[in-house]
K.L.:
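Next up is a structure, given as structure tokens.
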Protein chains: 2
Amino acid sequence: MAKRTGEKYEAIIDAAIRVIAENGYHNAQVSKIAREAKVADGTIYLYFENKDDMLISLFNEKMGAFIETVREATARVDSPSDQLRELMRLHFAQLEENPKMAIVTQIELRQSNRKVRQGIAETLKKYMDVIDDIIRSGIEQGIFRPDVDIRVARRMIFGTLDETVTSWIMNGCKYSLMDQVDPIHRLFLDGMGKEAPLQRDAHSEKEGNA
Amino acid sequence: MAKRTGEKYEAIIDAAIRVIAENGYHNAQVSKIAREAKVADGTIYLYFENKDDMLISLFNEKMGAFIETVREATARVDSPSDQLRELMRLHFAQLEENPKMAIVTQIELRQSNRKVRQGIAETLKKYMDVIDDIIRSGIEQGIFRPDVDIRVARRMIFGTLDETVTSWIMNGCKYSLMDQVDPIHRLFLDGMGKEAPLQRDAHSEKEGNA
DNA sequence: AGAAATTGAATGAATGGTCATTCACTAAGG
DNA sequence: CCTTAGTGAATGACCATTCATTCAATTTCT
């Protein structure tokens, strides 16, 4: 029971993406997905344990492939700064190319229940690890400041990409995400502050505040 | 019909926060919220149009008050850099102080349907405006680089704070959010890159890339 | 080869459980 | 005695999941 491959397996996953993106999570009934996949309701249960399992598989299948792509692409680049840019480009490209997938992962799947979110979290963790690796080698190679906290930087990077995409979707996918790569990359590397060493040292020296 | 004030009104909202935080959005039945508020199921419909309306009111009520606090606090500070720090401190303080509220706004309410999210978006927009104002005056006062795109910077700021809080919750609220204020603030202002003007100019000068 | 038996993928109507919402009723205050 | 706030059992809509049934393909038998 619950085959995890085959023509119908993929047809169902792709249909689920379309149905969820078009109708929203709460209106994505199993029967609607089945109809879109040109399959009977019951067939879905030959390929997935239940609806949750289908959603988790959907995410892991697509996100897993994406992470592999990012791993390969960043491995082909030397500078961690460029690796970061490459990751951002792929992140945006992937979602810009496939807005329905973007809607599903950025908006709709976040409405899922605890179990689904747990199944998703594991895969997401792998993406975080890719980001961590880039930051770590940036520090080791002396490209990034040695005192950046990897976890803090990772949350900034992921949080910014995520918010950028969410906001893009919420505004109807009108502009190009790819145009944002360089401004964001610059912001990550150089910050928004004017070069003013004195001002900066003032903060980092006193540290404690009420 | 649908009074939007009174003792019970607040009791219901507070009960909803507790029930949703403890049971998750999908197990927060109206009857459970009513019981927690020591009120009959039907009473909820004297104060709210329907369940959605209750959730939207919950968010707007609490978030609205928070935004007002931030507005007042940042108005008492001159430097946009410190205004930004103040906003971050309040953002983290508010959620650290009230983890149940944090769970509801960061995790559970994101599972709501389209209508709820729309109701929420409007209030969230006001928060974005506060962030925009800080960035804008930072640029005007020459504290921030004149070429930062306000929208890009805003998404970085909000996205980072949001991801930081979500990650804090997902890991069981074990560490202090407040400790993150300075490292993040530093990252926003100075970036993660080592001071290397030559490297930076390389990017900003050529611009286009395949 | 042809007939008969077996398999199991696929079907989709029926089921059962869950909840948001309603409304006929009660109680308290003026 | 009338009004208003509050009650909670009953209702009805919704939907994931099940399972008896179909049917095409494959295997076994004569």
Side-chain angles (χ1 to χ4, degrees), chain A residues 1-20 22-59 104 108-109 111-119, chain B residues 1-20 22-59 104 108-109 111-119:
Chain A
M1 215 224 279
K3 302 196 289 177
R4 269 150 220 298
T5 49
E7 209 175 300
K8 306 235 159 164
Y9 177 78
E10 289 179 17
I12 293 168
I13 284 186
D14 290 340
I17 293 172
R18 266 173 279 139
V19 171
I20 295 173
E22 278 157 27
N23 303 278
Y25 180 83
H26 292 285
N27 275 313
Q29 294 88 343
V30 171
S31 60
K32 208 178 273 179
I33 293 170
R35 203 181 320 135
E36 174 79 20
K38 297 198 167 68
V39 139
D41 295 15
T43 304
I44 288 186
Y45 293 88
L46 297 176
Y47 289 88
F48 304 93
E49 274 174 43
N50 48 42
K51 193 183 183 186
D52 284 356
D53 180 45
M54 178 175 66
L55 300 175
I56 294 170
S57 302
L58 180 164
F59 185 84
V104 172
E108 302 297 342
L109 270 200
Q111 322 173 26
S112 54
N113 60 39
R114 214 155 281 191
K115 189 167 290 175
V116 174
R117 265 176 292 136
Q118 261 176 327
Chain B
M1 218 224 278
K3 305 194 290 178
R4 269 151 218 297
T5 50
E7 208 176 301
K8 308 235 160 168
Y9 177 78
E10 291 180 15
I12 293 167
I13 283 185
D14 290 340
I17 293 172
R18 267 174 279 140
V19 170
I20 294 173
E22 280 159 27
N23 302 277
Y25 180 84
H26 292 283
N27 275 312
Q29 295 87 345
V30 171
S31 61
K32 206 178 273 179
I33 293 169
R35 204 181 320 135
E36 175 79 20
K38 296 197 167 69
V39 137
D41 295 15
T43 304
I44 287 186
Y45 294 86
L46 296 176
Y47 290 88
F48 304 92
E49 275 173 42
N50 49 39
K51 194 183 179 186
D52 283 356
D53 180 44
M54 178 175 67
L55 299 175
I56 294 170
S57 303
L58 181 166
F59 185 85
V104 172
E108 303 297 341
L109 270 200
Q111 319 174 27
S112 52
N113 59 39
R114 213 155 281 192
K115 191 169 287 175
V116 173
R117 265 176 292 137
Q118 259 175 329

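Chain letters run A, B, ... following the sequence lines, proteins first and then strands; every chain starts at 1. Side chains are part of it too, since the values below use all heavy atoms of this structure and drop only hydrogens, waters and symmetry mates.
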K.L.:
Rounded to the nearest 0.5 Å, what separates atom NZ in Lys38(A) from atom CZ in Arg35(A)?
P.N.:
12.0 Å
K.L.:
Measure NZ/Lys32(B) against C1'/dA20(C) and give the value in whole Å, please.
P.N.:
15 Å
K.L.:
Choosing from dG8(D), dT11(C), dT7(D), which nucleotide comes nearest the side chain of Asp41(B)?
P.N.:
dG8(D)
K.L.:
How long is the line joining CG of Leu46(A) and C1' of dT7(C), in whole Å?
P.N.:
14 Å
K.L.:
Identify which nucleotide among dT7(D), dT18(D), dA20(C) has an atom closest to any side-chain atom of Lys51(B), counting heavy atoms from C-beta outward.
P.N.:
dA20(C)
K.L.:
Would you check if Gln29(A) and Asn27(A) make a side-chain contact, meaning some heavy-atom pair closer than 4.5 Å?
P.N.:
yes
K.L.:
Could you tell me how far apart Ile12(B) (CD1) and dT7(D) (C1') are, to the nearest whole angstrom?
P.N.:
13 Å
K.L.:
Does dG6(D) have its OP1 or OP2 closer than 4.0 Å to a side-chain nitrogen or oxygen of Lys8(B)?
P.N.:
yes
K.L.:
Given dC15(D), dA16(D), dT21(C), which nucleotide is nearest the side-chain atoms of Tyr45(B)?
P.N.:
dT21(C)
K.L.:
Going by heavy atoms in the side chains, are Ser57(B) and Tyr9(B) under 4.5 Å from each other?
P.N.:
yes
K.L.:
Counting side-chain heavy atoms from C-beta on, which of dG6(D), dA20(C), dA16(D) comes nearest to Gln29(A)?
P.N.:
dA16(D)
K.L.:
Glu49(B) CD to dT22(C) P: how many Å, rounded?
P.N.:
11 Å
K.L.:
Between dG6(D) and Tyr47(B), is there an OP1 or OP2 to side-chain N/O distance shorter than 4.0 Å?
P.N.:
yes
K.L.:
Roughly how many Å is it from CZ in Arg35(B) to P in dT7(D), rounded to a whole number?
P.N.:
14 Å
K.L.:
Using the side-chain heavy atoms of Ala40(A), tell me which of these nucleotides is nearest: dT21(C), dG12(C), dC15(D).
P.N.:
dG12(C)
K.L.:
Working to the nearest 0.5 Å, report the span between CE of Met54(A) and CD1 of Ile33(A).
P.N.:
3.5 Å
K.L.:
Just how far, in rounded Å, is P of dT17(D) from CD1 of Ile33(A)?
P.N.:
11 Å
K.L.:
Just the rounded figure in Å: distance from C1' of dA9(C) to OH of Tyr9(A).
P.N.:
18 Å
K.L.:
Between Asn23(B) (CG) and dT18(C) (P), how many Å, whole number?
P.N.:
15 Å
K.L.:
With side chains defined as the heavy atoms from C-beta onward, is the minimum distance between Ile13(B) and Phe48(B) less than 4.5 Å?
P.N.:
yes
K.L.:
Val30(A) side chain: which of dA16(D), dG6(D), dT21(C) is closest?
P.N.:
dA16(D)
